Colleague: 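One structure coming up, written as structure tokens, with questions to follow.
These numbers come from the heavy atoms of this one structure, side chains and all, not from hydrogens, waters or symmetry mates. These numbers come from a predicted model, not from an experiment.
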Amino acid sequence: LACCGSPLLNAGYKQDFEEIVKSNLKILNRHGINKIITNCPHCFNIFQKHYGIKTEHISQVIERNKHKLVVDNEEEVTYHDSCLLARKNKIIKEPRRILKQTGFKLVEPARSKEKTFCCGAGSGMKQNSPKIANKIAKERLSQLDSKKVIVSCPYCYLHFKENAGTKKKIVEMSETLVEG
């Protein structure tokens, strides 16, 4: 598959977006694929709303199988809710259940869940206004009290890593399952 098309749609290239959707659907249909599991909230949102194909975020799949997790963490961490997962798609409980199952002690920021504070990278902000995007990331990072911040979005992950310096360790949720 090519990119899901989210950047094209967000930038206003509706015709190009529709062409990439059409091309991707041909590939999916040719291979009999009727479900997509993705770690990216942006892809999740696009596949679910524009492709007409059953789509799950990886946290939903892991949460259903959390009883199989054997990682034992005792660290205090903060989970940062991705805008698209929490605000638009109401995927809030799943990541927290996974982290609690693996032993993490969660410190909730003041702005979380449906009222999460953006990382600053989405919707083309990072590409079009990098100074503002970095300011937003630094503001959000200052709101997250733990030294370890766990995210479920590639945009949040990269953008926070670029702006955290040595003050905080930024970790993608799947990494927590193999760190041990």
Colleague: Count I, L, V, M, F, W, Y as connected when their side-chain heavy atoms are under 4.5 Å apart, and connections chain through other members. Are M125 and L84 then in the same cluster?
Modeller: no
Colleague: Would you be so kind as to tabulate the donor-acceptor pairs closer than 3.5 Å made by side chains of residues 29-41, with sequence neighbours excluded?
Modeller:
| from | atom 1 | to | atom 2 | distance (Å) |
| --- | --- | --- | --- | --- |
| N29 | ND2 | L25 | O | 3.1 |
| K35 | NZ | E56 | OE1 | 2.7 |
| T38 | OG1 | C40 | N | 3.1 |

Colleague: Under the 3.5 angstrom rule, does the side chain of Q60 hit a backbone N or O of H57 as a donor-acceptor pair?
Modeller: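 Yes.
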Colleague: Counting C-beta onward and ignoring hydrogens, is there a side-chain heavy-atom pair between E114 and K90 closer than 4.5 Å?
Modeller: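 E114 vs K90: side chains touch.
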Colleague: Nearest heavy-atom pair of K100 and L106: which atoms, and what distance?
Modeller: CE-CD1, 3.7 Å
Colleague: I want to check something: taking the side chain as every heavy atom from C-beta on, are E175 and V151 in contact at a cut-off of under 4.5 Å?
Modeller: no
Colleague: Is K168 reaching over with its side chain to a backbone N or O of L144, donor-acceptor style, under 3.5 angstrom?
Modeller: yes
Colleague: Distance-only criterion, 3.5 Å: show the donor-acceptor pairs between side-chain atoms of residues 42-51 and protein atoms not counting sequence neighbours.
Modeller:
| from | atom 1 | to | atom 2 | distance (Å) |
| --- | --- | --- | --- | --- |
| N45 | OD1 | K49 | NZ | 3.1 |
| N45 | OD1 | N89 | ND2 | 3.1 |
| Q48 | NE2 | N89 | OD1 | 3.1 |
| Y51 | OH | C4 | O | 2.9 |
| Y51 | OH | N24 | ND2 | 3.0 |

Colleague: Locate the shortest heavy-atom distance separating T78 from P109; write the atom from each residue and the value.
Modeller: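 Looks like CG2-CD, 3.7 Å.
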Colleague: Donor-acceptor pairs are to be reported for all side-chain atoms of residues 129-143 against protein atoms at under 3.5 Å, with residues two or more places apart or in another chain.
Modeller:
| from | atom 1 | to | atom 2 | distance (Å) |
| --- | --- | --- | --- | --- |
| N134 | OD1 | N163 | ND2 | 3.2 |
| N134 | ND2 | P130 | O | 3.3 |
| E139 | OE2 | Q143 | NE2 | 3.3 |
| R140 | NE | H80 | ND1 | 3.0 |
| R140 | NE | F117 | O | 3.4 |
| R140 | NH1 | R111 | O | 3.0 |
| R140 | NH1 | Q143 | OE1 | 2.9 |
| R140 | NH2 | H80 | ND1 | 3.4 |
| R140 | NH2 | R111 | O | 2.9 |
| S142 | OG | E139 | O | 2.6 |

Colleague: Show, in sequence, the C-alpha distance, side-chain angles and deciding distance for K22 and E18, and conclude whether the salt bridge (Lys or Arg N to Asp or Glu O under 4.0 Å) test is met.
Modeller: CA-CA 6 Å; K22 191 175 176 182; E18 289 170 3; over 6 Å; no
Colleague: Would the distance check show the side chain of E75 and the main-chain N or O of V77 forming a donor-acceptor pair, the cut-off being under 3.5 Å?
Modeller: no
Colleague: Kindly say whether K113 contributes a backbone atom to a donor-acceptor pair with the side chain of T116 at under 3.5 angstrom?
Modeller: no
Colleague: Do Y157 and C119 make a side-chain contact, defined as non-hydrogen atoms from C-beta onward lying under 4.5 Å apart?
Modeller: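 When only atoms from C-beta onward are counted, C119 and Y157 do not touch, as no gap falls below 4.5 Å.
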